[in-house]
Protein chains: 2
Amino acid sequence: MSVRTLPLTDVTVCSAPLVRDPMGPDRATDLARAFKALGDPARLRLLSLIGAHHGGSACVCDLTEPLGLSQPTVSHHLRVLREAGLVTSERRGTWVHYTLVPGALGALAVVLADEAG
Amino acid sequence: MSVRTLPLTDVTVCSAPLVRDPMGPDRATDLARAFKALGDPARLRLLSLIGAHHGGSACVCDLTEPLGLSQPTVSHHLRVLREAGLVTSERRGTWVHYTLVPGALGALAVVLADEAG
DNA sequence: CCGCTGTATCGACATCTGTCGATCCAGCAT
DNA sequence: ATGCTGGATCGACAGATGTCGATACAGCGG
């Protein structure tokens with residue numbers, strides 16, 4: 001390829017070549033939803049608490065007191081985590097158990113590791 | 001240790017044993033700050049765009065147009081990313097270049113992978 | 001020096017978010 | 001059925017957030 005076929009590189013213009021494709025808008029919106037769910041201390045502690053229980057599953061009654069938040073607030077955060085696809089809820093008689101969705105956090109970890117290059 | 005020294009385990013109470021220590025409040029607050037910065041589509045695209053440039057560094061002039069947002073809005077998002085410790089900014093004459101902080105995204109990836117168990 | 005261009009900051013605004021008390025619903029025991 | 005307990009939903013409210021236009025500031029070129 002002769003140099004005449006290269007695009008004009010005006011030295012007065014600031015531009016650098018892309019070495020890979022940037023993230024598209026749709027994927028960014030999806031991922032942002034998940035990361036937004038992680039963007040609150042209470043929700044990070046909830047995820048950690050759930051995961052720290054045997055089987056990666058915990059009853060709501062074991063999640064409210066350690067956080068020092070009211071029961072409606074904890075319920076709200078659990079709802080956010082559920083709608084983000086990070087946990088699932090299941091009724092077992094009187095109590096409701098929340099469980100980490102297998103691979104959900106791992107998938108986000110892979111995204112970050114990829115973007116880190 | 002005799003069984004008499006164990007805490008009372010009332011079978012009518014829902015409780016499961018912890019298999020590891022849950023995340024503490026301070027660490028949760030720190031991590032939430034970082035994940036909150038990732039919880040916006042525009043900022044995810046900015047990170048991806050910066051990382052997609054040669055050397056993991058890009059000029060602001062190359063970041064504004066692809067996002068379809070106003071220049072002040074992009075500047076705001078870059079500020080959030082900088083204050084979260086994910087990028088650094090450096091003036092090169094007329095233009096300002098933003099660079100991914102090495103290891104910052106990777107550290108968050110490790111956190112998620114750990115919590116994923 | 002004066003103007004031009006790139007970037008940051010300011011002020012304003014609508015929307016979203018975290019929090020709580022009050023209330024409602026579901027399941028179990030008496 | 002009645003009551004009790006665990007959990008979700010509702011309504012309200014203060015504060016944070018995303019967005020923009022207008023403006024200020026910093027280099028560079030004339």
Side-chain angles (χ1 to χ4, degrees), chain A residues 10-16 25 28-29 31-47 49-50 57-84 87-99, chain B residues 10-16 25 28-29 31-47 49-50 57-84 87-99:
Chain A
D10 186 344
V11 290
T12 70
V13 163
C14 164
S15 69
T29 300
L31 288 173
R33 244 188 292 270
F35 284 122
K36 194 174 299 183
L38 298 177
D40 183 277
R43 289 196 287 270
L44 285 178
R45 296 183 69 191
L46 280 173
L47 284 176
L49 263 173
I50 296 171
S57 187
C59 172
V60 175
C61 57
D62 289 329
L63 302 176
T64 302
E65 180 263 339
L67 263 64
L69 294 173
S70 72
Q71 179 267 321
T73 300
V74 172
S75 187
H76 160 70
H77 286 306
L78 288 171
R79 178 198 186 100
V80 172
L81 290 174
R82 178 161 32 89
E83 291 178 345
V87 301
T88 54
S89 63
E90 174 198 6
R91 182 146 214 136
R92 298 184 195 170
T94 302
W95 295 286
V96 176
H97 286 248
Y98 279 77
T99 309
Chain B
D10 186 343
V11 290
T12 70
V13 163
C14 165
S15 70
T29 300
L31 288 173
R33 245 189 290 269
F35 284 122
K36 194 175 298 184
L38 298 177
D40 183 278
R43 290 196 288 268
L44 284 178
R45 297 183 68 192
L46 281 173
L47 283 176
L49 264 173
I50 295 171
S57 187
C59 171
V60 174
C61 58
D62 289 329
L63 301 176
T64 302
E65 180 262 340
L67 262 64
L69 294 173
S70 72
Q71 179 268 322
T73 299
V74 171
S75 187
H76 161 70
H77 285 307
L78 289 171
R79 177 199 188 99
V80 172
L81 290 174
R82 179 159 34 88
E83 292 178 344
V87 301
T88 54
S89 63
E90 175 198 6
R91 183 146 214 137
R92 299 185 194 169
T94 302
W95 295 285
V96 175
H97 286 248
Y98 279 77
T99 307

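A, B, ... follow the sequence lines: proteins, then strands. Residue 1 opens every chain. Note that the structure is predicted; figures quoted are calculated from it, not measured.
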To the nearest angstrom, the CG-P distance between Leu67(B) and dC20(D) comes to 10 Å

Compare all side-chain heavy atoms of Trp95(B) with those of Val60(B) and state whether any distance is below 4.5 angstrom. no

DNA chain D nearest-nucleotide lookup for Thr73(A) and Arg91(A): closer to the 5′ end is Arg91(A)

In whole angstroms, the gap separating P of dA16(D) from NE2 of His76(B) amounts to 13 Å

Separation of dT17(C) atom P from His77(A) atom NE2, nearest Å, is 12 Å

Between CG of Leu69(B) and P of dT19(D) the distance, given in whole Å, is 5 Å

Report task. Check whether any side-chain heavy atom of Gln71(B) lies under 4.5 Å from a side-chain heavy atom of Ser75(B), and answer yes or no. Result -> yes

Separation of dT5(D) atom P from Gln71(A) atom CD, nearest Å, is 14 Å

When rounded to the nearest 0.5 Å, the distance separating NZ of Lys36(A) from OG1 of Thr29(A) is 9.0 Å

Q: Answer yes or no: does atom CD of Glu65(B) have more than 12 heavy-atom neighbours from other residues, nucleotides or ligands under 6.0 Å?
A: no

Rounded to the nearest 0.5 Å, the CG atom of Leu78(B) sits from the CG atom of Leu47(B) at a distance of 9.0 Å

*Indicate, with a heavy-atom threshold strictly under 4.0 Å, whether Thr94(A) touches base, sugar-phosphate, or nothing.*
sugar-phosphate

Whole-Å distance, Asp40(B) CG to dA16(D) P, equals 18 Å

- Within the pair Tyr98(A) and dA8(D), is there a side-chain N or O less than 4.0 Å away from OP1 or OP2? yes

Quick note, Val96(A) side chain, CB onward, closest among dG7(D), dC20(D), dA8(C) is dG7(D)

Whole-Å distance, Glu83(A) CD to dA8(D) P, equals 12 Å

Picking from dC10(D), dT9(C), dT17(C), the nucleotide nearest the side-chain atoms of Pro72(A) would be dC10(D)

Interatomic distance, NE2@His97(B) vs OG1@Thr88(B), rounded to 0.5 Å, equals 12.0 Å

So, with a heavy-atom separation below 4.0 Å from DNA chain D, the residues of residues 57-65 of chain B are none

Closest to the side chain of Arg43(B), out of dA8(C), dG6(D), dG18(D), is dG18(D)

Would you tell me if any nitrogen or oxygen in the side chain of Arg79(A) comes within less than 4.0 Å of OP1 or OP2 on dT9(D)? yes

Between Ala84(A) and Arg33(A) the two heavy atoms that sit nearest each other are CB-O, 4.5 Å

To the nearest angstrom, the CZ-P distance between Phe35(B) and dT17(C) comes to 18 Å

